[in-house]
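Heads up, the thing below is written out as structure tokens.
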Number of protein chains: 2
Amino acid sequence: MHCKLYNVGIIERKEREKAEMRRRIVDVAVKMIVEEGYEKVSIRNIADKIEYSPATIYLYYKDKDQLLYDVQTEAFATLAKDFLQKVTHTDPFKRLEQLAHAYLDFSRNHPELYDLMFIIKAPMNALVEKEKWENGDPAYDGLYHLMQECIDKKVVKFKDATIGTLSVWAFAHGFVSLHLRGRCSKVSGVSDEEMPAIMNEAIKEYLRMIKA
Amino acid sequence: MHCKLYNVGIIERKEREKAEMRRRIVDVAVKMIVEEGYEKVSIRNIADKIEYSPATIYLYYKDKDQLLYDVQTEAFATLAKDFLQKVTHTDPFKRLEQLAHAYLDFSRNHPELYDLMFIIKAPMNALVEKEKWENGDPAYDGLYHLMQECIDKKVVKFKDATIGTLSVWAFAHGFVSLHLRGRCSKVSGVSDEEMPAIMNEAIKEYLRMIKA
DNA sequence: CAAATATACTGAACAGTGTTTATTTTCCAA
DNA sequence: TTGGAAAATAAACACTGTTCAGTATATTTG
């Protein structure tokens, strides 16, 4: 007769080992994405580096999208760390300025991670029939509450926090993504070298304009 | 002795045929990208539809990136048509408003083309060691000159046309691309259905803010 | 401890991708 | 008609994500 297999201690250890394996997979994927670029991240390359067969990856992740979702989680964690360290001011509008510049800095320091977080489709495929994007939510929420505070204290022109939040985000993301995907330089004499300076200038001007 | 091969008429016909083949390739690629999505566009699928072998494509295009660059050219041509039809006002600021809304409309009517034009990396790889992005240039130039006119007539707050142009473009593109790549819905209760309305609202508010 | 079974892992294959090369077919000029 | 240039292709190469049958390892049971 088939009955209780494995005692509780072993089950716990197996779960721990499963989690550890997933960690190893995600860690090596993050390393590869940062050091060699997103395009070099393949199941086979990951398998090579952790010294397992490619098929083994599929015992820990349903597909590559799910794996990349966990890599994205990691990327958002490093962004959160940046924010926590750099967004310190007590004045809400100054905090908004710090946040915007921290966002731009992150995109420059970790362009491949930024790509995975905000541009690449793959990790979002892991969200089908899920209603929340847990990875992006904390960052969005942080900006949203900051925006709400700015509205409450009447330091910005926005009336609606959602529109204010999305507007600031879209403005920054628009610049970053056009630049990352090579659409800015090579149009009418805007070179790649001058882009960071122009972006900073534009963001400053935008913040000046939304200021109440 | 080896001497003048092919008379002039035949050479001309051959060149015409070469151009016609490229047309067929690009046309079918555009059709596929619109009807089946960018991901379904492969050299083999294109070859199937034009009834040639995959290797033949490489007699007319160095690689897929070069092919996609020509598809992008086509996409920009349809955007230009939209602009020409919809951006008609004599007042420069109203023309700016028309342009912004035409841009958003285009992204909704042709999301896959928008992707190829402004997000996907591949077509830009065709530009290595080229200093100008001929595809994007006319659209950028149009907005730039419009912006310059707005600045000259003091109907916008911008002082620098480059920053003004890039700012408006980045703002619109930021919204469109975040939405297209599924980053907007599924964050803190912003659903996919309400996004177009929010985007219109945000653009209107932005234009109000840049107005002098 | 040995046998039975549940779990972990992998080699090999499948179906795709972009691209190259050797070979064949088609076309044109002498 | 024949020699040679040009055009087209079949087949292969080196990748990709993914699946599955079969092997190896762990763990529980008799």
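What you see is a predicted model; the values in this text were computed from it and never measured. Letters go in sequence order (proteins before strands), and every chain restarts at 1. No hydrogens, no waters, no symmetry mates; every other heavy atom, side chains included, goes into these values.
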> Do NZ/NE/NH1/NH2 and the carboxylate oxygens of D137(A) and K132(A) come within less than 4.0 Å?
Replying inline: yes
>> What stems show up for DNA chain D when you take Watson-Crick pairs (N1-N3 plus N6-O4 or O6-N4) and G-U wobbles (N1-O2, O6-N3), both under 3.5 Å, and require three or more consecutive pairs?
In response: C:1-27 with D:4-30
> Counting just side-chain N and O atoms, does T56(B) come under 4.0 Å of either OP1 or OP2 of dT9(D)?
Replying inline: yes
>> Rounded at 0.5 Å granularity, tell me how far NE2 in H110(B) sits from OG1 in T78(B).
In response: 5.0 Å
> Atom CD1 of I46(B) to atom P of dT19(C): distance rounded to whole Å?
Replying inline: 11 Å
> Expressed in angstrom and rounded to an integer, what is the separation of E39(A) atom CD from dG18(C) atom C1'?
Replying inline: 13 Å
>> If I take atom CD1 in residue I57(A) and atom P in nucleotide dC9(C), what distance separates them, rounded to the nearest angstrom?
In response: 11 Å
>> Could you report the tightest heavy-atom contact between Y103(A) and F83(A), atom names first, then the distance?
In response: N-CE2, 3.9 Å
>> Rounding to an integer number of Å, can you tell me how far K62(A) NZ sits from dT19(D) P?
In response: 8 Å
> Does the pair R23(A)/E74(A) count as a salt bridge with the N-to-O cut at 4.0 Å?
Replying inline: yes
> Contact class for Y60(A) (heavy atom, under 4.0 Å): base, sugar-phosphate, or nothing?
Replying inline: sugar-phosphate
>> Please compare Y58(A) and S53(B) by the position of their nearest nucleotide in DNA chain D and report the one closer to 5'.
In response: S53(B)
> When all nucleic acid strands are considered with a 4.0 Å heavy-atom cut-off, which category describes N45(A): base, sugar-phosphate, or nothing?
Replying inline: sugar-phosphate
> Separation of E17(A) atom CD from dC9(C) atom P, in whole Å?
Replying inline: 8 Å
>> For K18(B) and R44(B), find the nucleotide of DNA chain D closest to each by heavy atoms; which residue's nucleotide sits nearer the 5' end?
In response: K18(B)
>> Distance check needed: dA6(C) P versus L59(A) CG, whole Å only.
In response: 18 Å
What side-chain donor-acceptor pairs closer than 3.5 Å can you find for residues 194-202 of chain A, not counting sequence neighbours?
unit_1	atom_1	unit_2	atom_2	d
E194(A)	OE2	S191(A)	N	2.9
E194(A)	OE2	S191(A)	OG	3.4
N200(A)	OD1	R108(A)	NH2	3.3

>> Let's see if you can work this out: which of dT19(C), dT20(C), dT18(D) has an atom nearest to the side-chain heavy atoms of A55(B)?
In response: dT20(C)
> What's the spacing between Y58(A) OH and D63(A) CG if we round to 0.5 Å?
Replying inline: 7.0 Å
>> What is the separation between atom CD on E20(B) and atom C1' on dA7(D), rounded to the nearest whole Å?
In response: 15 Å
>> Looking only at the side chain of S42(A) (C-beta and beyond, no hydrogens), which of the listed nucleotides dT16(D), dC9(C), dA10(D) gets closest?
In response: dT16(D)
> Are the charged groups of E39(A) and K121(B) less than 4.0 angstrom apart, N to O?
Replying inline: no
> In whole angstroms, how far is the P atom of dA10(D) from the OH atom of Y52(B)?
Replying inline: 13 Å
